[in-house]
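Notes for the one structure printed next.
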Amino acid sequence: MANLLNLLISGLATGAIYALVAIGFTLLWQTSQTINFAQGEFVMMPAFFILAALHAGVPFWLSIIFGVLISLLLLGLVFKKALVDPMLKHGVLPIAIATMALSIGMKESVKEFFTAEAEPFPSLIPAGNVNIFGVEVSLQSIGVLVLAIVAVTALNLLLNRTSVGHQMQAAAQNPTVARIIGVPVERMILYTFLINAGLVALASVLITPIYLAKFSSGEVLGLAAFIAAIVGGFNQVRGAIVGGLLLGVIDNLGAAYISTQYRGAIPLFLLIVVILFRPQGLLGRAEERTV
């Protein structure tokens, strides 16, 4: 029982990180029909921004602020203006290909100009365990889960309780009508890209102390988050949350009770099952397209 509780909490913590990254996939798709196949590398990069500041002698907290600001600039503003906007008029496929190329370029740049070796990364959350119902649970897992919940709650409040959030939703649902009623659609889309950059920066700070900073770390995380977004429903933020948490728990339990050798196959199996029986995702809306 104690082992099961540990597995569930650590799985939820991992799944919460998947959910943060999957929400970014969903937001970009809803507002600009952008599928960012460099999303995993977007999680990898902020850790190296922070490490660069740390190596220059900047204190840890200031390094985090520096890393987040650089992420907002490069992974939010520059990504939208320099890559997505010029490619968007050509359709979804060119953007997908361009982000695949960006993913390769980011990995090779880190490998060439920073390091090809895994680097340790300081943690926001102190090491140790906390007692829950008589079971010793990792404080890091609890901390990751709590911070992710706070971030998702803040995002939901922004989207559902503020004027900016309502305008963002209007721009995502029907940009033409939104423009007619005076919504600055382009600015709302830019806000979405900045939110995505903030989410991947947070995910980077939370996951890198566990798996170390390395140029290849985004590959598995990006794939897992993409699967989570599809499983939950690519057109629903709440679907991305559910998909991420579900994937994290199933991945952890599968590795513990089935086999670690098949750990990589479990998310793919879940993806195939969902696509076969509910292609719009667990919480997604079915979309009809005319030909």
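Position 1 is the first residue of the sequence; numbering continues from there. All heavy atoms count here, side chains included; hydrogens, waters and symmetry mates do not.
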Verify same cluster id: [X], [Y] (apolar side-chain graph, 4.5 Å):
X      : Y      : result
Val273 : Ile230 : no
Leu212 : Val205 : no
Leu62  : Leu69  : yes
Ile70  : Trp61  : yes
Ile189 : Val164 : yes

Please round to the nearest 0.5 Å and tell me the distance separating atom [atom1] of [X] and atom [atom2] of [Y].
X      : Y      : atom1 : atom2 : answer
Leu268 : Ile227 : CG    : CD1   : 4.5 Å
Leu74  : Phe42  : CG    : CZ    : 9.5 Å
Ile125 : Ile142 : CD1   : CD1   : 10.0 Å
Ile17  : Leu12  : CD1   : CG    : 11.5 Å
Leu75  : Asn36  : CG    : CG    : 9.0 Å
Ile210 : Ser123 : CD1   : OG    : 7.5 Å

Are the side chains of [Y] and [X] in contact, using a 4.5 Å heavy-atom criterion?
X      : Y      : answer
Gln173 : Met168 : no
Tyr191 : Thr31  : no
Leu27  : Val237 : yes
Trp29  : Thr34  : no
Glu41  : Lys107 : yes
Leu245 : Tyr18  : no
Ser217 : Thr208 : no
Met106 : Met45  : yes

Discussion item. Which residue in the set Ile266, Leu270, Val231 passes side chain to side chain contact (heavy atoms under 4.5 Å, CB included) when paired with Leu247?
Written reply: Leu270
Just by distance, with hydrogens left out, do [X] and [Y] show a side-chain donor and acceptor under 3.5 Å apart?
X      : Y      : result
Gln30  : Thr26  : no
Gln169 : Asn160 : yes
Gln39  : Asn196 : yes

Has [X] got a side-chain atom pairing as donor or acceptor with [Y]'s backbone, closer than 3.5 angstrom?
X      : Y      : answer
Thr99  : Leu102 : no
Thr14  : Gly11  : no
Thr192 : Met188 : yes
Glu112 : Glu108 : no
Asn129 : Glu136 : no
Asn252 : Gly248 : no

Item to complete: Taking all heavy atoms of Ala82 and all of Pro86, pick out the closest pair and write down the distance.
Response: O-CG, 3.5 Å
Worksheet entry | Phe193 and Phe79 aromatic ring geometry - parallel, tilted or perpendicular at 30°/60° bounds | tilted
Worksheet item: With under 30° as parallel and over 60° as perpendicular, where do the rings of Phe234 and Phe25 fit, or are they tilted in between?
Response: tilted
Worksheet item: When the aromatic ring centroids of Phe48 and Phe215 are compared, is their separation below 6.0 Å?
Response: no
Practice prompt. Check whether the ring centres of Phe66 and Phe49 lie less than 6.0 Å apart, and answer yes or no.
Written response: no
